[in-house]
Amino acid sequence: MPAPTQKTLLDTVPKQLLIGGSWRDATGGNTLAVEDPATGRTLTHVADATVADGRAALDAAVAAQRGWASTAPRERGEILRAAYQRITERADEFALLMTLEMGKPLAESRGEVAYGAEFFRWFSEESVRVHGQWATSPDGKTRLMTMKQPVGPALMITPWNFPLAMGTRKIGPAVAAGCTMVVKPAQQTPLTMLLLAQVLQECGLPDGVLNLVTTSHTGEVCEPLIRDPRLRKLTFTGSTEVGRKLVEQSAEQLLRVSMELGGNAPFLVFEDADIDRAVEGAMLAKMRNIGEACTSANRFYVHESVVEEFSRKFAARMSRLTIGKGTRKDVTVGPLIDAKAVAKVTELLDDAVAKGARVVTGGQPQRGAGYFFQPTVLADVPTSARLQKEEIFGPVAPVTAFRTEAEALRMANDTEFGLVAYLFTTDLSRAVRLSEALEYGMVGVNQGIVSNPAAPFGGVKQSGFGREGGFEGIEEYLETKYVGIAL
Ligand code: NAP
């Protein structure tokens with residue numbers, strides 16, 4: 001297949017709302033601009049849904065729910081499997097679109113396409129493995145039957161940082177379980193999700209099963225849906241701040257809720273670690289997605305005996321990265337999402353430096369068009385620095401030395417977040433001991449990346465609740481019904 005060109009792709013990608021199987025403009029015809037963060041220029045416009053459009057999308061999901069729940073699981077699985085195939089065949093288009101609207105380098109976008117598509121393959125296999133139980137009651141008089149049924153229409157709200165994968169890991173299990181849905185992608189990156197919706201439609205997803213609304217009136221469109229008793233599930237990936245607000249809204253009707261929220265990942269390097277491997281892991285954990293991932297290492301705690309070697313090697317690798325527009329072949333670091341993100345990273349860095357941190361490499365936003373920031377390593381970062389507590393969401397790596405394992409563990413757990421922690425050690429006992437003691441939903445041992453469609457992704461504490469992927473992922477979209485049968 002010939003490589004897609006930017007113009008053809010932007011001309012052909014759907015830009016309307018998908019409601020009940022029809023692509024249509026927003027009521028009133030308004031549109032919202034999608035920007036290229038590498039240039040600050042407008043790429044294209046998509047429909048800007050109103051409150052009425054949001055309601056229409058839920059109407060369509062509700063209307064399709066009963067029929068969809070009764071389709072054969074194999075049929076649902078085959079649609080996902082076909083979509084997996086189609087996304088893989090069109091990987092270059094998905095990757096280019098993602099790089100254009102989100103900024104990450106093309107190689108990373110291809111990585112996300114492979115990762116995102118894999119959720120469809122995984123859940124195509126899970127769709128036929130949903131089963132209940134049959135038991136005899138302890139007194140022998142009754143039979144206890146449990147069955148799994150789809151939760152019902154779900155609202156899916158996704159962030160801009162992984163425009164495809166944050167969608168597929170919700171849509172995959174929902175389709176497999178027999179739930180219909182309204183998908184609301186981030187307004188900064190709606191194009192990838194629009195193409196995905198088109199692909200699912202082409203692969204035979206029935207009308208009304210997936211409805212997609214893009215909007216700049218986010219709160220006004222979503223809140224009435226969350227408060228609508230016909231909605232049965234809310235799944236959200238995004239910031240803890242917004243997640244908390246949505247949990248409050250969903251309390252009214254005690255909605256089933258999954259929350260994939262912010263992180264503040266610690267990255268621990270012990271004196272017995274393979275330092276080169278730890279640096280390799282640090283590059284992945286920090287620089288994947290330009291540092292704009294909930295799983296990004298936010299705080300590096302390194303044993304005092306190896307901190308100098310680690311920081312030097314890490315800074316050398318960081319300083320060799322090439323900043324630029326993600327569509328350029330040589331580029332390894334794309335822009336941040338917007339000017340606000342650059343301002344926030346700068347503010348956190350300045351605060352750390354004012355409190356005594358030393359810049360080993362980087363330390364500046366890049367001048368000129370686009371929202372670029374230099375890959376940065378900070379040494380001697382005091383625990384009072386704001387970036388030890390707040391998600392940086394950018395390419396800045398603060399390094400702090402520790403003396404004992406107990407001190408490292410205390411610092412690692414000293415946060416309200418609990419998504420992922422990384423640890424590097426060659427001592428097996430220490431790896432097990434710390435994996436148990438770290439208050440996180442996920443732990444990476446000697447690896448700087450934990451995301452895997454076959455594993456349950458999710459956090460504890462203020463990083464949220466619920467799991468996406470793995471055997472657990474489909475459970476978020478299923479209810480357990482118990483039927484007692486007297487003999
Ligand atoms: P965000 O501001 O919370 O936005 C996420 C989504 O929520 C977007 O679609 C946004 O729409 C929508 N939203 C915002 N306000 C809303 C409201 N009042 N009602 C309903 N929806 C609303 O987060 P973000 O800046 O896009 O993403 C970054 C955050 O996501 C980080 O904290 C990161 O850690 C977290 N994240 C977590 C995971 C995980 O799996 N744990 C994965 C990726 C990212 P608009 O685009 O229209 O504002």
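Note: hydrogens, waters and symmetry copies are ignored here, and every other heavy atom, side chains too, is used. Remember, it's 1-based here, ligands and their atoms both numbered in the order they're listed.
- A donor and an acceptor atom, one from each side chain of Asp48 and Thr31, are nowhere located under 3.5 Å apart.
- Classification of the Phe393-Trp160 ring pair by plane angle, with boundaries at 30° and 60°, yields perpendicular.
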Check ligand 1 for N or O atoms under 3.5 Å from a protein N or O and list each pair with its distance.
{"unit_1": "ligand 1", "atom_1": "3 (O)", "unit_2": "Ser239", "atom_2": "N", "d": "2.8"}
{"unit_1": "ligand 1", "atom_1": "3 (O)", "unit_2": "Ser239", "atom_2": "OG", "d": "2.6"}
{"unit_1": "ligand 1", "atom_1": "9 (O)", "unit_2": "Thr158", "atom_2": "O", "d": "2.7"}
{"unit_1": "ligand 1", "atom_1": "9 (O)", "unit_2": "Lys184", "atom_2": "NZ", "d": "2.9"}
{"unit_1": "ligand 1", "atom_1": "11 (O)", "unit_2": "Lys184", "atom_2": "NZ", "d": "2.8"}
{"unit_1": "ligand 1", "atom_1": "23 (O)", "unit_2": "Ser239", "atom_2": "N", "d": "3.4"}
{"unit_1": "ligand 1", "atom_1": "25 (O)", "unit_2": "Trp160", "atom_2": "NE1", "d": "3.1"}
{"unit_1": "ligand 1", "atom_1": "26 (O)", "unit_2": "Trp160", "atom_2": "NE1", "d": "3.0"}
{"unit_1": "ligand 1", "atom_1": "30 (O)", "unit_2": "Gly238", "atom_2": "O", "d": "3.3"}
{"unit_1": "ligand 1", "atom_1": "32 (O)", "unit_2": "Glu391", "atom_2": "OE1", "d": "2.8"}
{"unit_1": "ligand 1", "atom_1": "34 (O)", "unit_2": "Glu391", "atom_2": "OE2", "d": "2.5"}
{"unit_1": "ligand 1", "atom_1": "40 (O)", "unit_2": "Arg169", "atom_2": "NH2", "d": "2.6"}
{"unit_1": "ligand 1", "atom_1": "40 (O)", "unit_2": "Glu260", "atom_2": "OE1", "d": "3.4"}
{"unit_1": "ligand 1", "atom_1": "41 (N)", "unit_2": "Leu261", "atom_2": "N", "d": "3.3"}
{"unit_1": "ligand 1", "atom_1": "41 (N)", "unit_2": "Leu261", "atom_2": "O", "d": "2.7"}
{"unit_1": "ligand 1", "atom_1": "46 (O)", "unit_2": "Gln187", "atom_2": "N", "d": "2.9"}
{"unit_1": "ligand 1", "atom_1": "47 (O)", "unit_2": "Lys184", "atom_2": "NZ", "d": "3.4"}
{"unit_1": "ligand 1", "atom_1": "47 (O)", "unit_2": "Gln187", "atom_2": "NE2", "d": "2.8"}
{"unit_1": "ligand 1", "atom_1": "47 (O)", "unit_2": "Thr218", "atom_2": "OG1", "d": "2.5"}

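- A donor and an acceptor atom, one from each side chain of Thr168 and Glu118, are nowhere located under 3.5 Å apart.
- In this structure, Lys344 and Ile392 approach most closely via the heavy-atom pair NZ-O, 4.4 Å.
- Ring orientation note: the planes of Phe119 and Tyr115 are nearly perpendicular, at an angle over 60° on the 30°/60° scale.
- There is a side-chain donor-acceptor pair under 3.5 Å between Gln188 and Asp338.
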